[in-house]
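Quick notes on the structure that follows.
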Amino acid sequence: GDSVTQMEGPVTLSEEAFLTINCTYTATGYPSLFWYVQYPGEGLQLLLKATKADDKGSNKGFEATYRKETTSFHLEKGSVQVSDSAVYFCALRKGDSNYQLIWGAGTKLIIKP
Amino acid sequence: EAGVVQSPRYKIIEKKQPVAFWCNPISGHNTLYWYRQNLGQGPELLIRYENEEAVDDSQLPKDRFSAERLKGVDSTLKIQPAELGDSAVYLCASSPPSGSTDTQYFGPGTRLTVL
């Protein structure tokens with residue numbers, strides 16, 4: 001079945017470091033791909049998305065590119081801040097569904113000043 | 001604009017007791033979702049409502065879980081009786097008419113601990 005695999009956390013970085021959180025997926029057809037973020041004590045928020053191969057989603061300095069050849073959607077940011085500390089979830093939406101999401105397990109990111 | 005409101009934020013109960021969670025979606029959002037999120041995992045969909053109608057409850061354990069959405073606004077999710085394995089965070093989300101998944105707005109969740 002369809003699945004999403006994320007790198008295990010926690011990921012601990014110093015402020016201004018470069019961030020990569022790996023995400024790979026298994027899916028039939030042409031899924032859409034998402035990154036959600038969950039800040040402490042808050043609900044999940046959509047961070048960015050990509051709906052087809054080679055699309056790049058971006059928001060708040062974060063980027064991810066839909067790579068069909070490697071079935072990946074890695075999240076990157078050039079210079080992280082303490083305020084980026086959160087749990088990040090990669091997810092896919094099956095091509096035949098407008099709401100059913102398949103989620104990764106989440107990666108906790110800790111940024112130290 | 002107010003976000004999705006959930007209460008209580010935390011609940012601790014003994015096993016075999018009943019428990020209920022409440023969700024108030026964003027005004028105007030006709031689609032409402034309940035998810036369960038186990039520790040270290042992503043959310044799992046339990047049930048989806050379009051207005052008052054439960055259009056997908058295939059993942060809801062109906063022997064002990066029930067949900068309702070009277071008048072197509074607020075919703076309640078109930079567990080009776082609770083089991084140890086029900087300890088999790090229960091998330092509510094809503095989306096506007098004709099919205100697709102990327103427009104789901106999540107509440108902060110209710111963390112349930114069953115002792």
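Source: prediction; values computed, not measured. Chain A is the first sequence line, chain B the second, and so forth, proteins listed ahead of strands; every chain is numbered from 1.
Residue Gln17(B) qualifies as enclosed at atom CD: its count of foreign heavy atoms under 6.0 Å is above 12. Within a 6.0 Å radius of NZ in Lys52(A), no more than 12 heavy atoms belonging to other residues, nucleotides or ligands are found. Within a 6.0 Å sphere centred on NZ of Lys62(B), heavy atoms belonging to other residues, nucleotides or ligands number more than 12. Environment of OH in Tyr30(A): sparse, with no more than 12 heavy atoms of neighbouring residues, nucleotides or ligands closer than 6.0 Å.
The residue among Gly40(B), Gly109(B), Ala93(B) with the most heavy atom pairs within less than 4.5 Å of chain A is Gly40(B). The choice from Gly41(A), Gly9(A), Gly106(A) that makes the most heavy-atom pairs within less than 4.5 Å of chain B is Gly41(A).
In this structure, chain A has no heavy atom under 4.5 Å from any part of Arg111(B). If you measure heavy-atom distances from Gln38(A) to chain B, the contacts under 4.5 Å come from the side chain alone.
The CZ atom of Phe89(A) sits 4.5 Å away from the CD atom of Gln37(B) when rounded to the nearest 0.5 Å. Remark: Leu101(A) CG to Tyr35(B) OH distance equals 5.0 Å, nearest 0.5 Å.
Transitive grouping of hydrophobic side chains (ILVMFWY, heavy atoms separated by less than 4.5 Å) keeps Leu44(A) and Leu48(A) in distinct clusters.
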